[in-house]
Each structure stands twice: as C-alpha cells, then as structure tokens.
Number of protein chains: 2
Amino acid sequence: MKLEIYTKNEHQAIQNEIIGKIRDLINYKNLEPGDKLPSERMLSDKFEVSRNNVREAIRKLEFYGLVKSMPQSGTFIEDIGVTAMNGIIEDILRLEDPDFKSLVETRILLELKTVRLAATRRTDEDLKQMKETLDAYKTKVLNGEDAVQEDLLFHLAIAKASGNSTINTLMLMITPEIIMNFEKFHVCDKNQAMLGIEEHTEIYKAIKAQNPQKAKQKMKKHFSSLYQYCYNI
Amino acid sequence: MKLEIYTKNEHQAIQNEIIGKIRDLINYKNLEPGDKLPSERMLSDKFEVSRNNVREAIRKLEFYGLVKSMPQSGTFIEDIGVTAMNGIIEDILRLEDPDFKSLVETRILLELKTVRLAATRRTDEDLKQMKETLDAYKTKVLNGEDAVQEDLLFHLAIAKASGNSTINTLMLMITPEIIMNFEKFHVCDKNQAMLGIEEHTEIYKAIKAQNPQKAKQKMKKHFSSLYQYCYNI
DNA sequence: GATTTAAAATTGGTTAACCAAACTGGTTTG
DNA sequence: CAAACCAGTTTGGTTAACCAATTTTAAATC
C-alpha cells in the first residue's frame with residue numbers, strides 16, 4: 001500500500017513480476033481452485049529468483065486472500081475461480097499509491113457510516129473509551145498543544161464502536177497516513193481545534209443518546225471544513 | 001487480515017507479542033517520531049525470538065505506516081506521534097477477523113460511493129473495460145453457468161473507474177473473501193443472476209450517461225436483495 | 001489382492017551465515 | 001582549521017543450509 005522510497009519500489013517491481021508469472025503459470029497449467037501451486041523451490045528455480053522473493057510474492061497473494069499456504073504441505077489456490085483470480089491479480093499489479101485526496105474522501109465516507117453504526121450499536125464500554133479519548137483531546141487543545149493524534153484516536157474509537165470489524169480494519173489502515181498528511185499540510189490549526197472540541201462533544205452525545213441521524217449530521221458538520229480543504233489542495 | 005488456520009494463528013500470536021514488546025520499548029525508551037528503532041539483531045536478542053519474527057513484526061508495522069525501514073540504515077518511527085502510535089498499535093493487536101456481515105455491509109457502503117464517483121469521473125477507457133466485464137457476465141448467465149466471479153469483476157471495474165485509489169485498494173482487499181462467502185452460502189442463485197443482467201446494464205448505462213444519482217439508485221436497487229439476505233444470515 | 005506400515009522424498013517454515021550499502025570516527029590533507 | 005577521505009563497524013537485505021510435519025511410495029503382512 002505504501003511505496004515511497006526507491007529501494008522499496010525496486011523490490012516491489014520484482015515482487016509484482018513474480019506475481020504476474022504465477023498468474024501466467026496458473027493460466028498455462030490450467031490450475032483450478034483447490035489445486036496446489038508448485039513448491040516455492042520449484043518456482044524460484046523456474047523464475048530464476050530467490051526463494052525469498054517467491055515467498056514474499058506468495059505472502060502478498062495470501063494477504064489478498066487468493067492463495068493459502070499450508071505448512072509442510074503446499075500453497076493452494078483459493079476457491080474464487082480462475083476468472084476472478086486473473087482479474088484481481090491484474091488489478092493488484094496495476095494498483096497505484098493512494099493520494100491524499102482519495103484518502104480523505106474515503107475517510108469521510110467510512111466515518112459517516114461508522115458514526116451511524118456506533119450510535120446504534122455502541123456498548124457502555126465503547127462509550128467509556130470514546131469519553132477517554134475525547135477528554136484527552138480536550139486537555140491537549142485547552143493547553144494550546146497540537147492535538148491531531150488525539151483527534152484521530154477519538155475517531156478510531158468511534159470506528160471500534162461501530163461493531164463492523166472490516167471498516168475498523170480499513171480505518172486503521174488509512175489513519176496513520178492521514179495523520180502524516182495532516183501534519184505535513186498543517187490541516188488543523190488552533191482555531192479549528194477549539195471548534196473541534198465542541199463538535200466532538202456533540203458527536204459523542206449523539207452516539208451516547210443512540211441517535212444515528214443526529215450523529216451523522218454532527219459528523220458531517222465536523223467534516224465540512226475538511227471537505228472543502230481537501231478539494232482545494 | 002485473514003486468520004483462519006491454526007498454524008497461522010499461532011504464528012500471528014507470536015508476531016503480535018513482538019509488536020506489543022516494540023510498543024513497550026518505544027514507551028520505555030521514550031522513542032519519538034523520527035527516532036531509530038534498535039536494530040533487528042538487537043531486538044531479536046532482547047525479545048529472545050528469531051530475527052525473522054522481528055522482521056515480520058516490523059513489516060506489519062510498516063504496512064500500517066507506523067515505521068519505515070531504510071536499507072543499511074535502520075528502521076525509523078514514522079511521524080505520527082507517540083499517542084497515536086500507542087493507540088493504533090493497541091487497536092491493531094485487538095483486531096478481530098472480519099465476519100461476513102461486516103464484509104457485505106462495508107462492500108455496499110463502498111460501492112454506493114464508487115458508483116457515484118465512477119459516474120462523474122469515468123474515462124472512455126474505464127467505460128470500455130466495464131463493458132467487457134458486463135458482456136462476460138451476460139454470456140455466462142445466458143449459458144446458465146455460475147457467474148459470481150464475472151459479477152464481482154464488473155463491480156471491481158466500477159471501483160477502478162471511481163478514480164479513488166484508496167477505495168479501489170480496499171475493494172480489492174475484501175472482494176476475494178466476499179466471493180468465497182458467496183459461493184459458500186450460495187448467495188446468488190440462477191433467478192437472481194438473470195435479474196442481475198438487467199440491473200448491471202442499468203448501472204452501466206447510468207455511469208455511461210454520467211448520472212451519479214441514477215447510478216446510485218440503480219446500485220441500491222441491485223443491492224436490495226443482498227442487503228436483506230445479509231441481515232437474515 | 002487389500003491393508004498396514006515404515007521409510008524416503010517433499011513441503012513450508014526457520015535459522016544462521018553472508019553481502020553490500022551506509023554510517024561513524026578519526027586521520028589526513030589542502 | 002575545515003574539508004576530504006578512508007578504514008571499521010553497523011545496518012537491513014539476501015542466500016543457503018537445516019528442521020519438523022506431511023505426503024508419497026513401496027514393501028511387508030495377512
């Protein structure tokens with residue numbers, strides 16, 4: 001997902017090449033779901049690359065759920081069908097790095113959902129954790145300190161309270177990159193931080209009151225300035 | 001993201017343990033953003049685990065954008081702040097596997113966005129690729145064959161046309177698991193497939209006509225049965 | 001001829017030795 | 001005195017040898 005430094009890109013290029021070759025092999029040998037991939041040693045021989053490179057390529061395919069490695073047994077093709085396998089690998093190879101705009105756009109989308117889900121599903125324990133992060137944020141801002149981290153942790157607490165493990169995972173994936181970009185572009189200045197306390201509190205109250213509509217509305221308001229900023233960058 | 005087989009879980013447990021220890025080390029030594037983590041050898045010594053385990057743990061932290069490894073130089077803590085680092089690592093360690101319901105819920109959310117974005121941003125090349133996947137789907141269904149894969153590839157083509165690289169990546173991550181669950185639970189039967197042709201075509205036309213509202217409406221309709229199914233599982 | 005069993009080969013995972021780039025400190029040089 | 005340089009050390013990355021579990025093969029037994 002992150003490809004920034006040159007050495008990494010080079011490394012990634014080799015990995016992608018191997019993934020492409022594995023795809024070709026699947027097609028050429030008519031390997032079907034459930035079939036076993038040739039062993040890592042055989043592949044590294046065939047492709048004339050190190051076994052480590054093959055292992056990493058396989059691990060990436062495993063991350064996307066396309067194959068599954070069984071210790072002392074082999075690597076098996078998952079049951080998603082040849083067509084989907086080809087299409088998805090093709091897409092993976094062509095994936096480009098996420099830009100800031102798409103990150104923010106995605107974050108807003110995810111959070112307008114998590115806040116609604118949190119309002120309906122939140123447990124008392126969720127509420128307690130949200131309160132903690134909210135207080136930490138307040139304290140920092142009132143001390144005039146930078147509070148980007150505490151800001152985002154409050155939002156992550158909402159994601160956790162949403163009870164949707166997939167969205168929670170996705171939020172965790174994009175948040176560090178969001179924070180780095182925020183600090184890079186100085187998105188949050190002091191004035192917005194003071195306003196942020198009020199907005200965060202309102203969101204918290206709406207979730208506490210289990211009012212999804214209001215929670216979403218408050219979140220939307222909270223994002224309005226960010227939204228505009230994002231589209232002017 | 002995927003933790004299914006026992007050996008993998010065990011492996012994962014060790015990795016998480018190491019990640020926790022790295023977090024403790026960051027706190028104990030007051031390591032700050034930009035600081036260098038102790039070398040892999042030192043960590044593997046200190047934690048009494050193999051260097052490979054340490055490397056994998058670091059790689060996971062790198063995936064989430066929390067650290068960055070520089071060849072022949074060291075692993076550096078990313079500039080997201082100590083507080084966020086602690087919070088996010090904590091969340092990562094407690095991440096649970098995505099369940100089918102949360103997968104579908106997330107997919108619907110993402111796709112109701114991608115379809116709107118695709119309607120406004122799609123290029124002619126995007127349109128061409130969507131048409132191809134749509135035709136492949138039609139052919140399969142009209143031959144009475146199973147077309148789950150072609151179905152999903154059409155949706156991935158929309159995601160690509162959305163021009164949002166983040167959402168595109170996220171869609172690619174969840175799609176294989178969606179397909180597997182679909183085939184496992186036999187979500188799509190023949191009747192729905194025939195209906196699917198019509199719905200897919202309508203979505204395609206709306207995107208071609210660059211009508212975001214209509215595109216979203218058609219997608220929503222397309223998802224209505226899936227939505228109900230998801231909540232009855 | 002079918003079943004059991006044991007040994008040999010195969011597999012992904014692990015470990016440790018090795019490599020080249022990069023950093024470090026002191027020395028030389030202008 | 002500062003800049004250039006050079007050996008020695010440290011670093012993440014790479015390679016190859018090794019391990020234990022599994023699978024395969026074929027021999028042994030009934």
Side-chain angles (χ1 to χ4, degrees), chain A residues 2-19 21-22 25-26 29 31 33-78, chain B residues 2-19 21-22 25-26 29 31 33-78:
Chain A
K2 288 172 61 64
L3 313 168
E4 288 171 355
I5 53 177
Y6 290 102
T7 52
K8 195 78 184 294
N9 273 345
E10 193 182 319
H11 177 75
Q12 190 81 13
I14 296 174
Q15 199 181 89
N16 277 351
E17 204 176 310
I18 296 175
I19 291 178
K21 284 180 179 174
I22 291 178
L25 189 75
I26 291 176
K29 292 235 178 186
L31 296 181
D35 283 357
K36 192 162 77 171
L37 228 54
S39 72
E40 297 177 351
R41 287 170 184 79
M42 218 174 282
L43 291 177
S44 73
D45 254 30
K46 194 177 182 68
F47 301 157
E48 291 180 340
V49 294
S50 79
R51 202 184 137 200
N52 244 357
N53 290 138
V54 173
R55 279 176 65 77
E56 281 184 33
I58 287 178
R59 183 151 301 190
K60 186 163 183 179
L61 292 176
E62 201 172 9
F63 169 78
Y64 282 99
L66 301 180
V67 303
K68 185 189 281 183
S69 279
M70 307 287 279
Q72 283 77 44
S73 175
T75 300
F76 297 85
I77 301 176
E78 279 286 11
Chain B
K2 289 174 59 63
L3 315 168
E4 289 174 353
I5 53 177
Y6 290 102
T7 52
K8 196 75 183 297
N9 275 343
E10 193 183 319
H11 178 74
Q12 190 83 11
I14 296 174
Q15 199 182 90
N16 277 351
E17 205 176 309
I18 296 175
I19 290 178
K21 284 179 179 174
I22 291 178
L25 190 74
I26 291 175
K29 292 236 179 187
L31 296 181
D35 283 357
K36 192 162 79 171
L37 228 55
S39 72
E40 296 177 352
R41 287 170 184 78
M42 219 175 280
L43 290 177
S44 73
D45 252 30
K46 195 177 181 67
F47 300 157
E48 292 181 339
V49 296
S50 79
R51 202 184 137 201
N52 244 356
N53 289 139
V54 173
R55 279 176 65 78
E56 281 185 33
I58 287 178
R59 183 151 299 190
K60 186 162 183 180
L61 291 176
E62 201 172 9
F63 170 78
Y64 281 99
L66 302 180
V67 302
K68 185 190 282 183
S69 279
M70 307 286 280
Q72 283 76 43
S73 175
T75 300
F76 297 85
I77 301 177
E78 278 286 11

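Just so we're on the same page: letters track the sequence lines, and every chain starts at 1. None of the values given here were measured: they were computed from a predicted structure.
- Rounding to whole angstrom units, CD of residue E56(A) and P of dT14(D) are separated by 7 Å.
- Residues V49(B) and E17(B) are not in side-chain contact: their nearest non-hydrogen atoms beyond the backbone lie 4.5 Å or more apart.
- Nearest heavy-atom pair, K36(B) versus S73(B), reported as atom, atom and distance to 0.1 Å: NZ-O, 3.4 Å.
- Between the E56(B) side chain and the Q15(B) main chain, no donor and acceptor come within less than 3.5 Å of each other.
- Residue-to-nucleotide proximity on DNA chain D shows that, of S50(A) and S73(A), the 5′-proximal contact is made by S50(A).
- Here the closest heavy-atom approach between residue P38(A) and residue L43(A) is recorded as O-CD1, 3.7 Å.
- Rounded to whole Å, the distance from CG on N52(A) to P on dC19(C) is 16 Å.
- In this structure, Q72(A) places its CD atom 12 Å from P of dT11(C), rounding to the nearest Å.
- The heavy-atom pair separating I19(B) from A57(B) by the smallest distance is CG1-CB, 3.9 Å.
- The two residues S69(B) and E62(B) make their nearest non-hydrogen contact at N-OE2, 3.2 Å.
- Shown for residues 38-48 of chain A: residues whose heavy atoms fall under 4.0 angstrom of DNA chain D, namely R41(A).
- Picking from dA17(D), dT22(D), dT14(D) the nucleotide with the shortest atom distance to the side chain of R51(A) gives dA17(D).
- Rounded to whole angstrom, the span from the CG atom of N53(B) across to the P atom of dG13(C) amounts to 12 Å.
- In this structure, CG of L37(A) is placed 17 Å from P of dT23(D), rounded to the nearest angstrom.
- OP1 or OP2 of dG12(C) has not a single side-chain nitrogen or oxygen of R55(A) nearer than 4.0 Å.
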